[in-house]
Participant: 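Mind having a look at this structure? Questions to follow.
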Protein chains: 2
Amino acid sequence: MTTRRDAVHDILRRSAGFRSAQDVYAEMRLHGAKIGLTTVYRALQALADNGQVDVLRTDDGESVYRACASDVHHHHLVCRKCGRTVEVAGPAVERWAEAVGSEHGFTEITHTVEVFGTCASCSPSAAAGGR
Amino acid sequence: MTTRRDAVHDILRRSAGFRSAQDVYAEMRLHGAKIGLTTVYRALQALADNGQVDVLRTDDGESVYRACASDVHHHHLVCRKCGRTVEVAGPAVERWAEAVGSEHGFTEITHTVEVFGTCASCSPSAAAGGR
DNA sequence: GAGGATTTTGACAACCGTTTTCATTTTGGC
DNA sequence: GCCAAAATGAAAACGGTTGTCAAAATCCTC
């Protein structure tokens with residue numbers, strides 16, 4: 001029985017950026033869905049375990065989730081204003097991480113890379129200028 | 001009056017890797033210091049604000065702190081077994097992040113990069129093998 | 001040096017996101 | 001229809017962090 005899980009997955013697929021669990025929960029309630037917060041958390045965890053969504057922690061400790069188009073390893077370029085997210089491949093970074101790791105005798109290298117910026121539409125110079 | 005803050009800073013300086021607030025607090029109490037958990041949190045925040053320590057979030061939402069040798073931008077290579085941390089510079093990554101960002105019209109690019117691995121002394125092949 | 005304002009401290013409570021509990025409901029098999 | 005297994009969700013528990021507030025330490029002025 002995965003209809004709730006699918007519903008949760010759908011919300012994420014329709015979203016441009018990362019969403020928090022509470023956020024997803026609120027939206028589902030708005031859409032009239034009868035679902036509990038617990039179930040949303042469980043669904044998100046299941047999806048994350050299946051590798052169907054990406055998870056990361058915000059600076060204030062919230063977990064945020066995103067349904068990613070590609071299931072291969074990739075990173076995110078996130079607009080810090082509007083949250084819009086672009087998936088980016090980074091072979092250069094992968095190689096760099098590997099190199100840095102083995103250079104220091106480390107093995108089984110993994111890495112987390114997130115890039116933040118202000119996207120074109122949110123750029124201050126695109127709107128009224130400054131100060 | 002910054003003697004507590006200095007004490008906290010000292011703990012971090014003597015530590016090889018990232019430490020959590022509660023961790024630092026526990027150690028200070030062990031050393032006989034009379035300090036409250038609240039104060040440790042405040043000290044760590046102050047140090048982080050001053051850029052004297054680096055902060056990052058673990059996967060389970062805990063904030064961890066580290067006194068870094070260099071005050072210029074750098075990244076960390078962390079052993080997932082023993083927590084040993086090496087500071088690494090990564091001009092290649094900086095450039096990559098910038099490139100990726102501007103390629104998509106993003107400005108004011110920042111990034112977070114952490115590399116994890118198993119260090120030489122913790123490597124399974126260095127110890128008894130098996131399974 | 002005394003007196004008072006200001007800052008720092010720390011015990012405790014409040015918060016907030018997340019997880020667990022557990023009774024109820026739903027589902028699937030026979 | 002009936003039972004067992006799984007899913008659900010309300011509420012409580014949890015854990016790290018932050019806020020509150022009174023007491024203590026410190027600084028400044030006279």
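This structure is a prediction, so every number in the text was calculated from the model and none was measured. All heavy atoms count here, side chains included; hydrogens, waters and symmetry mates do not.
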Participant: Report the distance from atom CG of B/Leu56 to atom P of D/dT17, rounded to the nearest whole Å.
Facilitator: 12 Å
Participant: What is the distance, rounded to the nearest whole Å, between atom CG of A/Leu47 and atom P of D/dA7?
Facilitator: 14 Å
Participant: Look at A/Thr39 and D/dT8 and indicate whether a side-chain polar atom (N or O) is within less than 4.0 Å of OP1 or OP2.
Facilitator: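 No, A/Thr39 has no side-chain N/O under 4.0 Å of OP1/OP2 on D/dT8.
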Participant: Are B/His76 and A/His111, when compared by the centres of their aromatic rings, separated by less than 6.0 Å?
Facilitator: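 Centroid separation for B/His76 and A/His111: 6.0 Å or greater.
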Participant: Please report, rounded to the nearest Å, how far the C1' atom of C/dA11 is from the NZ atom of B/Lys34.
Facilitator: 13 Å
Participant: Can you check the B/Tyr25 OH to D/dG16 C1' distance for me, whole Å?
Facilitator: 14 Å
Participant: Closer than 4.0 Å, any side-chain N/O of A/Arg4 to the OP1 or OP2 of D/dT8?
Facilitator: yes
Participant: Give the B/S/- string for nucleotides 13-18 of chain C, one per nucleotide from 5' to 3', where a protein heavy atom under 4.0 Å of the base yields B, of only the sugar-phosphate yields S, and otherwise -.
Facilitator: ----SB
Participant: Do NZ/NE/NH1/NH2 and the carboxylate oxygens of A/Arg66 and A/Glu87 come within less than 4.0 Å?
Facilitator: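 A salt bridge is present here (some side-chain N lies under 4.0 Å from a carboxylate O).
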Participant: Between A/Leu37 and A/Val24, is there shared hydrophobic-cluster membership here, with clusters defined by ILVMFWY side-chain heavy atoms closer than 4.5 Å?
Facilitator: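 Cluster IDs for A/Leu37 and A/Val24 match.
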Participant: Round to the nearest Å and state the distance from B/Ile35 atom CD1 to C/dA11 atom P.
Facilitator: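 In whole Å, C/dA11 P and B/Ile35 CD1 are 10 Å from each other.
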Participant: Report the distance from atom CZ of A/Arg42 to atom P of C/dT26, rounded to the nearest whole Å.
Facilitator: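 These atoms are roughly 15 Å apart.
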Participant: Within a 6.0 Å radius of atom CG on A/Asp49, are there more than 12 heavy atoms belonging to other residues, nucleotides or ligands?
Facilitator: yes
Participant: With a 6.0 Å cut-off (strictly less than), is the heavy-atom count around CZ of B/Arg80, excluding the residue itself, greater than 12?
Facilitator: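 Counting other residues, nucleotides and ligands, CZ of B/Arg80 exceeds 12 neighbours.
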Participant: Do the non-hydrogen side-chain atoms of B/Val8 and B/Leu44 ever get within less than 4.5 Å of each other?
Facilitator: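 When only atoms from C-beta onward are counted, B/Leu44 and B/Val8 do touch, with a gap below 4.5 Å.
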